[in-house]
Amino acid sequence: MICSEKYSVDMAIPEVINIREISEKHPVILFDGDCKFCNFWVQFVLKRDKKNQFYFTSLQSEVGKSLVFSLDKKIQDTDSIIVVHKEKIFLLSDAIYEILKVLNHPVRYLWFISPKFLRNRIYRWIARNRHRLIWWQTECVVPDEEGKKRFLKIY
């Protein structure tokens, strides 16, 4: 859900990848593959997702471009991490909350004490400055074989 609106996940993407089918069982995270902060989040999820619930694709990949192109026009212009799960699309702090909720991470409870406008304002500030934040890892970590299986790609 984005700003209390519900978007359909009727996506025209290659037949090899059925996003509807995948996102019904597994949340799909679309992230900026050129962003160290976004890669930090992918690594954060990979390390904590013991049940292998999440699938990933970068916004720059062919799969990511196809998925974003098939989404609502409002979403196509976003610089947010996108989570698609059970026919819903989550952006900004809602995407982070959905990730933490599926991971059953205790930090998710902070969302209830923070107003949404404040969470999204903080998220947007980090998104605007993410390429300048120097304390994040300087290299992309290549996932192990099990982790690689969770990245969507066209065969």
Side-chain angles (χ1 to χ4, degrees), residues 1-13 17 19-20 22-138 140-141 143 147 150-152:
M1 238 185 304
I2 306 156
C3 302
S4 301
E5 296 177 59
K6 189 173 179 182
Y7 289 90
S8 170
V9 185
D10 188 18
M11 302 180 188
I13 59 173
I17 300 168
I19 190 67
R20 233 172 222 238
I22 291 172
S23 72
E24 196 56 40
K25 297 177 185 172
H26 302 278
V28 178
I29 298 174
L30 290 92
F31 64 97
D32 181 352
D34 295 331
C35 170
K36 292 174 185 166
F37 185 70
C38 299
N39 281 298
F40 163 81
W41 263 102
V42 170
Q43 296 306 315
F44 176 89
V45 173
L46 280 170
K47 286 179 186 172
R48 288 158 183 80
D49 185 15
K50 304 300 182 201
K51 297 178 185 175
N52 295 335
Q53 300 172 88
F54 286 92
Y55 278 79
F56 306 88
T57 189
S58 77
L59 292 165
Q60 293 82 6
S61 70
E62 291 304 314
V63 172
K65 288 176 188 174
S66 296
L67 290 173
V68 170
F69 180 75
S70 65
L71 298 173
D72 186 287
K73 181 66 177 154
K74 294 177 196 173
I75 297 168
Q76 291 177 10
D77 298 328
T78 187
D79 63 350
S80 172
I81 190 170
I82 301 170
V83 176
V84 181
H85 191 209
K86 297 186 179 182
E87 297 198 25
K88 294 179 184 165
I89 299 167
F90 302 89
L91 294 177
L92 305 171
S93 66
D94 289 339
I96 303 302
Y97 172 71
E98 185 66 13
I99 292 168
L100 294 172
K101 184 175 80 171
V102 172
L103 288 174
N104 201 26
H105 198 281
V107 173
R108 74 185 187 278
Y109 294 114
L110 293 177
W111 259 247
F112 296 113
I113 60 172
S114 303
K116 185 173 182 170
F117 80 90
L118 182 59
R119 291 191 322 257
N120 284 340
R121 180 176 278 172
I122 293 167
Y123 182 96
R124 285 185 182 108
W125 182 86
I126 291 171
R128 273 193 314 274
N129 295 290
R130 70 185 186 266
H131 296 289
R132 289 186 279 181
L133 299 174
I134 58 173
W135 63 83
W136 303 109
Q137 61 195 32
T138 57
C140 291
V141 178
R150 298 183 5 212
F151 284 81
L152 301 177

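- Between atom CG of residue N39 and atom OG of residue S58 there is a gap of 9.0 Å, rounded to the nearest 0.5 Å.
- For the side-chain contact (heavy atoms from CB on, under 4.5 Å) test, residues two or more places apart in sequence or in another chain that qualify with R48 are F44, L103, H105.
- A search for ring pair (Phe, Tyr, Trp, His ring centres under 6.0 Å) contacts involving F56 returns F151, not counting sequence neighbours.
- Side-chain contact check for I81 versus I99: some heavy-atom pair is nearer than 4.5 Å.
- Qualifying side-chain contact (heavy atoms from CB on, under 4.5 Å) partners for P106, counting only residues two or more places apart in sequence or in other chains: none.
- By the side chain to side chain donor-acceptor pair (under 3.5 Å) test, Y123 is found to be paired with S80, residues two or more places apart in sequence or in another chain being considered.
- Rounding to the nearest 0.5 Å gives a distance of 13.0 Å between NZ of K65 and CG of L30.
- With I82 as reference, L59 is the one residue of L67, L59, T57 to meet the side chain to side chain contact (heavy atoms under 4.5 Å, CB included) rule.
- Remark: the backbone N or O of F90 is not paired with any side-chain donor or acceptor of D94 at under 3.5 angstrom.
- Proximity of V83 to V28: side-chain heavy atoms (C-beta onward) are nowhere separated by under 4.5 Å.
- With rounding to the nearest 0.5 angstrom, the CG atom of L92 is 13.0 Å from the CZ atom of R121.
- For residues 96-107, the set of pairs meeting the salt bridge (charged side-chain N to carboxylate O under 4.0 Å, His left out) definition, not counting sequence neighbours, comprises E98-K101.
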Show your working on side chain to side chain contact (heavy atoms under 4.5 Å, CB included) between K88 and K86 and close with a plain yes or no. CA-CA 6 Å; K88 294 179 184 165; K86 297 186 179 182; 5.6 Å; no
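- A distance of 12.5 Å separates CD1 of I122 from CD1 of I96, quoted to the nearest 0.5 Å.
- Among all heavy-atom pairs drawn from F31 and Q60, the shortest one is O-OE1, 4.0 Å.
- Between the CZ atom in R124 and the CG atom in N129 there is a gap of 14.0 Å [rounded to 0.5 Å].
- Distance check: D49 CG to Y55 OH gives 10.5 Å after rounding to the nearest 0.5 Å.
- For K50, there are no side-chain contact (heavy atoms from CB on, under 4.5 Å) partners two or more places apart in sequence or in a different chain.
- Here S93 pairs with R119, N120 under the side chain to side chain donor-acceptor pair (under 3.5 Å) rule; sequence neighbours left out.
- Under the rule for a ring pair (Phe, Tyr, Trp, His ring centres under 6.0 Å), F54 has no partner lying at least two apart in sequence or in another chain.
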